[in-house]
2 protein chains.
Amino acid sequence: MSRAETPRRGSRTSRAGIRDVAAAAGVSITTVSDALNGKGRLPDATRRHVREVADRLGYRPSAAARTLRTGKSGLIGLTVTTYGDEPFTFTEFAYFAEMARAATSAALARGYALVILPATSRHDVWSNVALDGTVVIDPSDHDPVVSELVRQGLPVVSDGRPAGSLPVTAWVDNDHEAAVLGILDHLAAAGARRIGLLTGTSTDTYTNLSTTAYLNWCERVGQDPVYEAYPAHDPCAGAVAADRLLARPDRPDAVYGLFDPNGTDLLAAARRYGLRVPDDLLLVCCSESSVYANTEPPITTLSLKPRRIGTAVVQLLIDAIEGVESDQPVEQVIPTELIVRTSSQRRQARPIVSPPRSPGQG
Amino acid sequence: MSRAETPRRGSRTSRAGIRDVAAAAGVSITTVSDALNGKGRLPDATRRHVREVADRLGYRPSAAARTLRTGKSGLIGLTVTTYGDEPFTFTEFAYFAEMARAATSAALARGYALVILPATSRHDVWSNVALDGTVVIDPSDHDPVVSELVRQGLPVVSDGRPAGSLPVTAWVDNDHEAAVLGILDHLAAAGARRIGLLTGTSTDTYTNLSTTAYLNWCERVGQDPVYEAYPAHDPCAGAVAADRLLARPDRPDAVYGLFDPNGTDLLAAARRYGLRVPDDLLLVCCSESSVYANTEPPITTLSLKPRRIGTAVVQLLIDAIEGVESDQPVEQVIPTELIVRTSSQRRQARPIVSPPRSPGQG
DNA sequence: CGCTGTGTTGCGAGCGCTCCCGTCCCTCTC
DNA sequence: GAGAGGGACGGGAGCGCTCGCAACACAGCG
């Protein structure tokens, strides 16, 4: 009672605090807090009254104070690994954008928001934001950021299975081997005799697994591997690599490109060499872009289902944040989808119903 | 001295606090704070010592506490308006992704991070995160979120000039009228006699300004407007609208498409009608996508320079957060760039050097 | 009339920092 | 040798909220 009644320093400046609401409603701070958060056992009348006063004053609780007190910020980090000099690609490929969007929606639906953070960054940025957990896209081997986060006891869920022995809480990924094998079989079934691969020089798991799957398949069916690798983060290098691939003496009659822009790259290269698609060259690439539905010809694409992945990743993370700490990593595999278009089908397949030569079955 | 020496409750659990560092370094909490933040006047020896102890203990300052105390969170909201049912497009068009990426980098460089937030959202999500300011992409007329933020005294900078009388702190935009006029002139110079427009049904300023500019231009040069509008958020509607446009009895011999996918849409439609590009139909669309460099033929695009916009928006916002509150809105216009490719040039323009008929010069 | 039960409400102690000051002590000056 | 000056550090009050627990009112019961 001593000086509690005086309206504090600047008083009439800035936004209303919980104190002001309490005073205006004639109740205690605790009651306001309880009323607004649906806690405690207050009669509905009180609750309503407080709520009413609160939004008459335009009261908004201070997120900082709440976070400090409760230890939960409702913030989830979204991290993309750096490519080359650019802070992160994020958009070079529609995949990231789609994934991020789905993740954002999923987080929002559960009351969380996403904070975009670069994987390689000085500590100060990371420690300037109170995170409840982090989503890491495509973590690199022994990622220092991930280790640090885990050390701090924050749950980390990765999109893409972690390389090495990264101690992530959970991960979500596609079955890249199965996807590649499926495509190769698809191409072979369409009549391909020598299937080439356009791949990357980086060492992330996606590239690794896909390339390995290709090599294994080649060995199994007895085909010599025909592939070109290029730094995937360089948009120009793709066109060059596509050109190289089709310029080879052992030119493939079908190509699978691992990266989003490869479709147009390969199409352009094919034109340069006078190759008709799909007649002389079958084409498939991994992409989320809808432009391939309208290219000439439309190109068969493999979708990694970024939306499902983004959603799954966030669900797992929030489960880990809120729920019981499951002791072993949770792993989730999302199926891919092959969207078959003209580029991977021999014209109508009328004349010859069965593929010309099916290389080694099983 | 009563119980200050006891190491607090759980003590050995959780992360080290500033208290632990102080104790371990044999200095006061204040000294630790000052040493770590480069404030106060401490000898370098002390500063080094404290820093060393701090990271021996793996100390990370609590962002929540700092935010609560200082009132600055280092967090900037990034908001996209909702289209249709989808939370927000964000990625439908490469523009948003590019812009968001540039904004992220710019923010990071100044020690801020971006929080992705939907424009239409219940208060609870917004008030759950302590924002220092907000970037709003394409704010709609009388956007309630913007008003609310401004009412709270937060600076708001918009990408796209605010419709109505939205009280934003600053905005960045392209000169859409000039851009459209430039394209129309470009097409006319390439020999177009009847230029069509593929536009949107929504009422955002981009669509509005662009369409109006088109109509004005038509009136000025005495051409009957030929356009089709469709809901831009629907990816399928674009192809249909493109088709409609080319099916018209007064079929245009050149088309400008306002939205990213329009290039492929129009190209596909042209093929359906047996129109050769650019011989029978000149094509330009507004897009940030690089696929148009490799289509058949490559398509001329207008770039809105999302990177520059994203950067500018963030700079203005952070200036507003940190610097002097400038009393009137700051406005910044970013020039567009027309990337001329085959689709908007008559074949080599050799036979006829000057355009067949230049409609009304100035 | 005291005692327990039930239903409401408030006290007060922090969450982990930052920052305004005050204190202490050492050095310099006249 | 005393006072002034200034460099080095620490005390302590919060920032605005949440939450365990205590307090209080009022009923019924023995």
Side-chain angles (χ1 to χ4, degrees), chain A residues 1-4 6-11 13-23 25-50 54 57 59-74 127-130 152, chain B residues 1-4 6-11 13-23 25-50 54 57 59-74 127-130 152:
Chain A
M1 281 295 160
S2 55
R3 54 86 190 266
T6 68
R8 303 268 153 194
R9 299 168 309 160
S11 86
T13 75
S14 73
R15 326 202 319 248
I18 197 173
R19 236 191 316 270
D20 305 298
V21 178
V27 298
S28 78
I29 294 180
T30 305
T31 303
V32 174
S33 176
D34 284 349
L36 261 29
N37 296 320
K39 305 202 171 169
R41 24 173 215 179
L42 306 174
D44 278 354
T46 310
R47 231 175 264 278
R48 260 197 309 275
H49 176 228
V50 169
L57 296 186
Y59 168 72
R60 298 270 170 273
S62 148
R66 194 203 299 274
T67 300
L68 178 59
R69 185 61 236 249
T70 62
K72 315 262 84 178
S73 65
S127 54
N128 251 332
V129 31
Q152 282 181 36
Chain B
M1 279 301 157
S2 53
R3 54 87 192 265
T6 67
R8 302 270 153 196
R9 298 169 309 160
S11 87
T13 74
S14 74
R15 325 203 320 248
I18 198 174
R19 236 191 315 270
D20 305 300
V21 179
V27 297
S28 79
I29 293 181
T30 305
T31 303
V32 174
S33 176
D34 285 349
L36 261 28
N37 296 320
K39 304 201 170 169
R41 24 174 212 181
L42 305 174
D44 278 355
T46 310
R47 233 175 263 277
R48 259 197 309 275
H49 176 229
V50 169
L57 296 187
Y59 168 72
R60 297 272 170 270
S62 146
R66 193 202 299 274
T67 299
L68 176 59
R69 187 60 235 253
T70 63
K72 314 262 86 175
S73 66
S127 55
N128 250 333
V129 31
Q152 282 181 33

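Lettering follows sequence order; numbering is per chain, from 1.
We find that CG of B:D20 is positioned 11 Å from P of C:dC15, with the value rounded to whole Å. Rounded to an integer number of Å, the gap from A:L36 CG to D:dC19 C1' is 15 Å. Atom NZ of A:K39 and atom P of D:dG20 are 9 Å apart (whole Å). Rounded to an integer number of Å, the gap from A:N128 CG to C:dG16 C1' is 14 Å. When the C1' atom of C:dC17 is taken as reference, atom CZ of B:R60 falls 16 Å away, rounded to whole Å. Counting to the nearest Å, the C1' atom of C:dG16 and the CG atom of B:L57 are 15 Å from each other. The interatomic distance linking B:I18 (CD1) with C:dC19 (P) rounds to 11 Å, in whole Å. Atom CG in A:L68 sits about 17 Å away from atom P in C:dA13, given to the nearest Å.
Between B:R19 and the phosphate of C:dC15, there is a side-chain N or O to OP1/OP2 separation shorter than 4.0 Å.
Remark: A:A54 pairs with A:V21, A:L36, A:Y59 by the side chain to side chain contact (heavy atoms under 4.5 Å, CB included) rule, at least two apart or across chains. Legend: residues meeting side chain to side chain contact (heavy atoms under 4.5 Å, CB included) with B:A63, ordered by chain and number and at least two apart, are A:A130. Partners of A:I29 according to the side chain to side chain contact (heavy atoms under 4.5 Å, CB included) rule, which considers only residues two or more places apart in sequence or in another chain, are A:I18, A:R19, A:A22. Among residues two or more places apart in sequence or in another chain, the side chain to side chain contact (heavy atoms under 4.5 Å, CB included) test is passed with A:S62 by A:A64, A:A65, B:L68. Under the rule for a side chain to side chain donor-acceptor pair (under 3.5 Å), A:T70 has no partner lying at least two apart in sequence or in another chain.
Side chain to side chain, B:T31 and B:S28 meet the donor-acceptor criterion of an N or O pair below 3.5 Å.
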N/O contacts under 3.5 Å, protein versus nucleotides 8-10 of chain D?
unit_1 : atom_1 : unit_2 : atom_2 : d
D:dA8  : N7     : B:R41  : NH2    : 3.4
D:dA8  : N6     : B:R41  : NH2    : 3.4
D:dC9  : OP1    : B:T46  : OG1    : 3.4
D:dC9  : OP2    : B:T46  : OG1    : 2.9
D:dG10 : OP1    : B:S28  : N      : 3.4
D:dG10 : OP2    : B:S28  : N      : 2.4
D:dG10 : OP2    : B:S28  : OG     : 2.8
D:dG10 : OP2    : B:T31  : OG1    : 2.6
D:dG10 : O5'    : B:S28  : OG     : 3.4

